[in-house]
Number of protein chains: 2
Amino acid sequence: MFKKRGISVEKELTNVLPENLKGKVVTADEAASWIEDGMTLGLSGFTRAGDAKAVPLALVERAKTNPLKVNVYTGASLGSDIDKKMSEQGLIAKRIPYQTDNTIRKKINEGEVLYIDQHLSHTAELIRAGVLPEVDYAIVEAVAITEDGMIVPTTSVGNSPIFVQKAKNVIVELNTNSPKELIGVHDIYLPEKQGERNPVPLTKSGDRIGTIGIPVELDKIKGIVLTTKTDSPAAIVQPDEETQTMANHLMAFLRKEIEAGRLDETLAPLQIGIGSVANAVLHGMLDSEFKDLEVYSEVLQDSVFDLIDAGKVKVASATSITLSEEKGKEVYGNLEKYKDKLILRPQEISNYPEIVRRLGTISINTALEVDIYGNVNSTHVSGTKMMNGIGGSGDFARNARLTVFVTKSLAKGGDISSVVPMVSHVDHTEHDVDVIVTEQGYADLRGLAPRERAELIIENCAHPLYKDQLRDYYYKALARGGQTPHILEKAFSFHINFAKNGTMLEKTPVTN
Amino acid sequence: MFKKRGISVEKELTNVLPENLKGKVVTADEAASWIEDGMTLGLSGFTRAGDAKAVPLALVERAKTNPLKVNVYTGASLGSDIDKKMSEQGLIAKRIPYQTDNTIRKKINEGEVLYIDQHLSHTAELIRAGVLPEVDYAIVEAVAITEDGMIVPTTSVGNSPIFVQKAKNVIVELNTNSPKELIGVHDIYLPEKQGERNPVPLTKSGDRIGTIGIPVELDKIKGIVLTTKTDSPAAIVQPDEETQTMANHLMAFLRKEIEAGRLDETLAPLQIGIGSVANAVLHGMLDSEFKDLEVYSEVLQDSVFDLIDAGKVKVASATSITLSEEKGKEVYGNLEKYKDKLILRPQEISNYPEIVRRLGTISINTALEVDIYGNVNSTHVSGTKMMNGIGGSGDFARNARLTVFVTKSLAKGGDISSVVPMVSHVDHTEHDVDVIVTEQGYADLRGLAPRERAELIIENCAHPLYKDQLRDYYYKALARGGQTPHILEKAFSFHINFAKNGTMLEKTPVTN
Ligand SMILES: CC(C)(COP(=O)(O)OP(=O)(O)OC[C@H]1O[C@@H](n2cnc3c(N)ncnc32)[C@H](O)[C@@H]1OP(=O)(O)O)[C@@H](O)C(=O)NCCC(=O)NCCS
Ligand SMILES: CC(C)(COP(=O)(O)OP(=O)(O)OC[C@H]1O[C@@H](n2cnc3c(N)ncnc32)[C@H](O)[C@@H]1OP(=O)(O)O)[C@@H](O)C(=O)NCCC(=O)NCCS
């Protein structure tokens, strides 16, 4: 779809805004004034990286006197409190496909914001096919634009290519504070429409198959806003004893796979979700025997760069880079050092089922709760309240070589067991879950029938506090029979207990 | 992986068993005597088509005096009462990945047979990677073998290529009653192992990318059994008024897609599950404006051949052909007429996510029950008892252009509502379900948040008998809030009612 077009890095370094486009420069306020009630915006931004910042915030200001509602599509979560401020201002009608902000989460759960929680590789497909309402304005952050119309994104690619391709108008936030060395890191490739589509010609994590920026007809660029605001830094989640133990269990499992001859020390392309366990797992690999690792993931966090520094990771592909303040300084101050190992792709490609299955990633994501048969809930607290969203976990879980879900066995100081009889919401079915890891141990569910899974999950993953209660449920269900024994009247007894009594623990301990 | 190797059809027609292999001919009893307790068998067969028949039945006889247990892998369901007889005889330890037989279903639900209900494109992957126990004997039905070792399957391909490739030993059931015109219909291609895999070079439903048979080293063929038994015919499910109405709703939806410019009259490659609605939908297309249709499916049933006869279908790709007795005579008596339009592939390829997403199939499968938020249960009655299995529905649902689930709004004469507050088992999550069709109407869920979905599903799809009860649940749940409002204490009240009172209907009708 996009023909490959070269770009001279040197030229761009000194000229991120070519002469012929200078006339398009406007203020953020002016750009925000173009947006009308009922419109749909496609904002760049993925896990707080590379988000359009100036125009959305100017829109928030404008809405204070001039209320309006818009649909907001993004790559994933936004930084700079944009979701917070926009939703506080009542600006957002529909929000697609992922968020992580407290304020908008509340509005979503109150029904004020309609939230479509979507596999992150699907949004582009639905926009391409004209299923979702058309994007009126794509607003994307860039480190450079070329004179023939190539927008070079900053720290994330996300859905920006499809927004730019399909939007009626494009507004570029040219961030003059972005490191110019980002130019050349991106690899922009979009599949053709379904039915006329070719195989995506990527067979290794490090393959480059596209252009270094997002091509756009110059006419479509309605305005260029000059900005300097940097990304919101990631909160650093230090490994604690439990996440460290989980990382150790996971590494023990990987070593067993090596022993069985199914993996070698280079493992397989790693996809690792964000958060504390992900961080601990990657840190655990620092002084392990694993080597020449490849990362084919959504997001690159601090730990990936630590592994690059240690010579453990030879290539890292994702759709965004989200770093802590400290690590950000280090990485962006020395980008040349990392550049030949980094690739940022559209999220449609970083998460594309075709590629995930072909490469056979090892995918490690976090669950809120798992059930005794291996179904996973990653999104809904007690089956109703949205936490963040499914994100890319489903894109990977269904197609990975090894699908691992990690969760601490307890939450809320022990009042919640993360292993329950039946998950209160299903994001990943038993068919798509290979291994569950808690700080108690791991359960390798591959090739096991539900009754075998239940025993293993209860014994290896549940916290001792809850084992008897879980066994009690399971054995009573078993007495009723079935492929997947359940007692529907009691399936949510843990959750109901928690709602009523503030704990999932039964008052009188059950013994068998 | 397999190099392309030609085969002279004329030669094979007169010589389905070459000289150099004649010495391998044995009786079914002899072949069965090689099988030892604890072994794993890979049997050909997919929706009662192309199954190995003689050796499994000989094994059943042998087991009567000489009890043993084996693991049984297949493509999908078997005919000739093989699952029934094997399980009655206590022969089956583990059964993978799909079945539809009453007797084995009972044993599964009693826990006597361990059943792994698996996405049909996944089994080959797990065998290739050495995750599932190794196949000791691949037993596959063939219409011919070539002198250099190419096994030409009969009416299904299923998992036979991976069984043959990975098994320690191969037994061929050479069915001399199979129509020789089947030679040339198959297209055998297996992906390389993950990590070393190339894109599957298929971009149109009709592309041929492999060989006409399954290559095998001659040494691995331990025996050839000559057979004559034909496939068990499919039961004919005639459309009734309700399935006809469902087909009409679905066609009305497809016409809206054409109006919106998202499809044209050739639609998109169709994947249609088996059963009465599938049949009705395809029959409905006979005198419609739809034309030049492509089928990219798992199974080809009677109706696909009717559509070919009517000049409506230009190419039909699947992994098996399952026909009624009558249609079977017609088709196999005139195979030359259909041959250039037919392709049978390994189920790993007919269901491969990469291809399904690339082609953008329209996938129509049947649900047992759906919930008000669009989650689908296709396998577990009341969350516990296995019906058949997920089959290929998940391979398609996640990746299709349009994922449609059909179900009658009532079951068991009205005592069951197929639209429930929360499905008792989740096979397909809300993220993967685009459209729900019942005889009441259809709900197009694309681009809708859960609260919008609930209203639409209740109004358009639920039966009037249950609408008030569903609304009552929904509004009460809504009062509690959440992205996906639920009342966990009542989420399965419909099912619990049915178990207690024989009906999901509440005694005192609820009004709002
Ligand atoms: C599941 C997910 C929410 C876990 O997040 P995390 O920050 O790693 O996990 P934490 O253990 O810190 O838990 C987060 C919160 O959920 C709570 N929680 C954890 N398990 C819970 C459970 N079973 N029930 C209720 N609440 C639970 C924690 O107490 C914590 O609450 P707090 O914020 O009030 O302290 C997060 O990983 C996610 O959104 N995943 C889905 C998307 C995804 O997988 N993306 C990966 C990239 S593909
Ligand atoms: C879901 C599935 C079982 C429906 O089968 P079907 O024959 O088309 O549907 P029917 O309406 O005849 O229902 C079959 C049985 O389930 C019962 N049933 C239907 N809905 C039910 C519900 N909500 N609760 C309990 N029982 C239900 C019917 O009464 C019937 O029972 P019976 O055999 O005792 O008469 C079947 O399509 C299936 O196995 N699907 C999963 C695999 C798949 O999708 N493969 C497609 C190829 S990819």
Side-chain angles (χ1 to χ4, degrees), chain A residues 94 108-111 114-119 126 129-132 194-195 197-201 203 260-262 268 353-354 357-360 375 380 382-386 390 394 398-399 401 424-427 429 431 446-447 449 451-452 480-486 488-489 491-492 495-496, chain B residues 94 108-111 114-119 126 129-132 194-195 197-201 203 260-262 268 353-354 357-360 375 380 382-386 390 394 398-399 401 424-427 429 431 446-447 449 451-452 480-486 488-489 491-492 495-496:
Chain A
K94 267 200 179 166
I108 286 169
N109 286 319
E110 285 164 356
L114 290 171
Y115 177 50
I116 305 181
D117 173 26
Q118 207 162 62
H119 298 304
L126 296 173
V131 169
L132 291 177
Q194 284 175 314
R197 187 171 294 175
N198 288 302
V200 178
T203 57
R262 289 189 285 262
E354 169 172 336
R357 178 99 170 231
R358 182 180 302 149
L359 299 179
N375 300 285
H380 282 72
S382 283
T384 60
K385 291 230 157 74
M386 175 55 63
I390 194 166
R398 174 66 64 87
N399 296 292
R401 173 194 314 243
S424 55
H425 178 92
V426 178
D427 290 297
T429 73
H431 309 99
R446 295 171 301 166
R451 289 168 185 233
E452 296 173 293
R480 294 202 187 175
Q483 160 82 352
T484 306
H486 267 304
L488 292 188
E489 308 89 292
F492 297 135
H495 303 86
I496 293 167
Chain B
K94 266 199 181 168
I108 287 169
N109 286 320
E110 284 163 358
L114 290 171
Y115 177 50
I116 305 180
D117 173 26
Q118 210 163 58
H119 298 303
L126 295 172
V131 170
L132 291 177
Q194 286 176 313
R197 187 170 294 176
N198 289 302
V200 178
T203 56
R262 290 189 284 261
E354 170 172 335
R357 178 99 172 229
R358 183 181 301 148
L359 299 179
N375 299 284
H380 283 69
S382 283
T384 60
K385 291 232 159 71
M386 176 55 64
I390 194 166
R398 175 65 65 86
N399 296 292
R401 173 196 311 243
S424 56
H425 179 91
V426 178
D427 291 296
T429 73
H431 308 99
R446 296 171 300 165
R451 290 167 185 232
E452 297 172 294
R480 292 201 188 174
Q483 160 82 352
T484 306
H486 268 304
L488 291 187
E489 307 90 293
F492 296 136
H495 304 85
I496 293 167

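In the text below, chain A, chain B and the rest are named by the order of the sequence lines, each starting its count at 1. Atom set for the values below is all heavy atoms of this structure, side chains included, hydrogens, waters and symmetry mates excluded. Please read all numbers here as calculations on a predicted model, not as lab measurements.
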With sequence neighbours left out, the residues meeting side chain to side chain contact (heavy atoms under 4.5 Å, CB included) with I496(A) are F492(A), K500(A), L488(B), E489(B)
Measure up the H119(B) and H431(A) rings against each other and bin them: parallel (under 30°), tilted (30 to 60°), perpendicular (over 60°).
tilted
Taken to the nearest 0.5 Å, the spacing of Q194(A) CD from R401(B) CZ works out to 5.0 Å
Whatever's closer than 4.5 Å to a heavy atom in chain A on H486(B) counts as both
Per-residue tally against chain B (heavy atom, under 4.5 Å) across R358(A), H425(A), R480(A) peaks at R358(A)
Answer key: most heavy-atom pairs under 4.5 Å with chain B among G394(A), G482(A), S382(A) is G482(A)
| request: Measure the shortest side-chain to side-chain distance between Q483(B) and H380(A) over non-hydrogen atoms and say whether it is less than 4.5 angstrom. | output: yes
Flag side-chain contact, heavy atom, 4.5 Å: D427(A) against T429(B) = no
So, the part of A260(B) with a heavy atom under 4.5 Å from chain A: the answer is neither
Cut-off 4.5 Å, heavy atoms of chain A, and the answer for A268(B) is neither
query: Does G360(A) offer a backbone N or O that forms a donor-acceptor pair with the side chain of R197(B) under 3.5 Å?
result: no
The interface call for R451(A) against chain B, heavy-atom contacts under 4.5 Å, is side chain
So, the part of R357(B) with a heavy atom under 4.5 Å from chain A: the answer is both
Using atom types as modelled and distance alone, determine if a side-chain donor or acceptor of R446(B) lies under 3.5 Å from a backbone N or O of L126(A).
no
Just do the side-chain contact (heavy atoms from CB on, under 4.5 Å) check on L114(B) and E452(A) with the steps written out, would you? CA-CA 9 Å; L114(B) 290 171; E452(A) 296 173 293; 3.7 Å; yes
If you tally heavy-atom pairs under 4.5 Å between each of N399(A), I108(A), V200(A), I390(A) and chain B, the highest tally belongs to I390(A)
Of P353(B), G383(B), P199(B), the largest count of non-hydrogen pairs under 4.5 angstrom with chain A goes to P199(B)
Of the listed K385(A), M386(A), E110(A), R262(A), the one with the largest count of heavy-atom pairs under 4.5 Å with chain B is R262(A)
If you tally heavy-atom pairs under 4.5 Å between each of P485(B), G111(B), G481(B) and chain A, the highest tally belongs to G111(B)
